[in-house]
There are 2 protein chains.
Amino acid sequence: MSLDGQLPPKMRLLRAAAELLANSGGAPVSTRQITQLAGVTAPTLYHHFGDKEGLFDAVVAAGFEEYVAGERDFAPSGQPLEDIRRMWDNHVQFGLNQPELYLVMFGNIRPESRPAIVADAEALMEEMLNKAAVAGQLNVQPREAARSILAANVGVTLMLIAEPASERNLELSTMTRDAMIFAVSAEPAGGAAPGDAGKSSVVVAAIALNAALQASHSDQLSSSELKLFLEWLHRISTSPAG
Amino acid sequence: MSLDGQLPPKMRLLRAAAELLANSGGAPVSTRQITQLAGVTAPTLYHHFGDKEGLFDAVVAAGFEEYVAGERDFAPSGQPLEDIRRMWDNHVQFGLNQPELYLVMFGNIRPESRPAIVADAEALMEEMLNKAAVAGQLNVQPREAARSILAANVGVTLMLIAEPASERNLELSTMTRDAMIFAVSAEPAGGAAPGDAGKSSVVVAAIALNAALQASHSDQLSSSELKLFLEWLHRISTSPAG
DNA sequence: TCAGTTCATATAGCAATGCTATAGGTGCTA
DNA sequence: TAGCACCTATAGCATTGCTATATGAACTGA
């Protein structure tokens, strides 16, 4: 029942935890199950990982590597928004392929304590959205867009995981995905802009400018400065004289 | 330390569980804490609720009543989509006001076992969206729209709960909300339709027709029938002769 | 009035959980 | 070989959810 007898105990613990987590079918996984499968006794676990949560965090870190690899492993298509779509789909697929791991990563929410993984995922998406912003394809700041899209992405994935596998309808995902991307994009395939339809191309240009500044590592506008900047631009673009 | 000595033990257990849950700050709540605060011993709990989860479900049911009351307690504005916005905001506010309860209700996801509460919330939103559909304001079937909007709504609320209270930015909510509502609505304030911009008013009319049939309690189209129906309509509306 | 039945609560304790105080190897450097 | 740091095991603690069993109370039918 022990796992790969010759690996170091730390690795065996990691693998055992990952395997049990993946096959637990939602049931909680005990430290005793893990240590037994790893062929190790309890203090070894706590020596290496401090906590049960510490061990799980380590498993999650490995899972996150896999997730990030999936998010990066397609060549940039040159159309950043298309890449965002693929990121979304990859996110959902990762969640459905490894629901237990996904739930540990994204479903273990506690008030006022955000899992580090969420911040990382946001950064990943923001990075991609920055390219869209530089290309003048974004309606809002990349950070806000990333947060919004990721929130919807997580929500959809959780819903799909919660559903019986036979009833899962990926249309929920694609529909929500396109809605979110359309909402943040400056140039929809159809024509007009969403929501407050007054958002002019000046705003888009300003966001693109800020993103470009950020990409060039030069001094950039603070969020409050950008807000004021946008306000001025908006006033100019809608003034009778302008 | 006991709670309202004269209420029946069942009620005392419910109140004790609710109170501990609300003030636990995310820490797990034990049955011993609950029974002690309720001034009752363990078997009483299991006699009335069977399970710890059974007790929590009962607490959730009470919380859900409150939630539903919030969702219904504003007069229909005559603009269903505006009511959907209020439902969304009420949902988020409920989550932020009672994060622990919310997490038990919507955050306790397990693979392939969807909390009953989610289905109820979906039904609630679908009901409202039906009015929009009858009014010809919907781009997709009410059920799909409800699922999509609710998924995003839950995702956003979970994100906001996970954030430190000081950093919470409700713009994330309003932005995502408007994006989702815009995506499912037939007549955006601006002009064109989202995504596949080819969706004609014929589709909207068909959805409105189906919703009206459903509301009138007469025989309605099955989802597969509707799909075929829509396909025909689409073919007609895009045919050279039409 | 009183035995019988049912409901509701208490006593005491079980198995499983996460975790740890303490001690025992094991391999290195001096 | 002595000393030292690192890693692991024995054994056990407190807490967890839960229950087998028994006791009390309230009602029912004769």
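Proteins get letters first, then strands, A, B, ... in listed order; numbering begins at 1 in each.
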d(CZ, A:Arg12; C1', D:dC7) in whole Å: 12 Å

Parallel, tilted or perpendicular: rings of A:Phe106 and A:Tyr67 (30°, 60°): perpendicular

C:dT20 phosphate, OP1 or OP2, under 4.0 Å from A:His47 side-chain N/O: no

DNA chain D-proximal residues of residues 102-117 of chain A, any heavy atom under 4.0 Å: none

Set of residues satisfying side-chain contact (heavy atoms from CB on, under 4.5 Å) with respect to A:Pro111, sequence neighbours excluded: B:Pro99, B:Glu100, B:Leu103, B:Ile161

Donor-acceptor side-chain pairing of B:Thr41 and B:Thr35 below 3.5 angstrom: no

Side-chain donor/acceptor of B:Thr157 to backbone N/O of B:Asn153, under 3.5 Å: yes

Sugar-phosphate only, base, or nothing, as touched by A:Pro28 at under 4.0 Å among non-hydrogen atoms: nothing

Gap between atoms CZ and P, on A:Phe56 and C:dC19 respectively (whole Å): 10 Å

Spacing between B:Arg32 atom CZ and C:dA12 atom P, to the nearest angstrom: 14 Å

Spacing between B:Leu45 atom CG and C:dT9 atom P, to the nearest angstrom: 11 Å

Sugar-phosphate, base or nothing in reach of B:Thr41, heavy atoms under 4.0 Å: base

Interatomic distance where CD belongs to A:Gln33 and P belongs to C:dT17 [whole Å]: 6 Å

Between P of C:dT9 and OH of B:Tyr46, the distance in whole Å: 15 Å

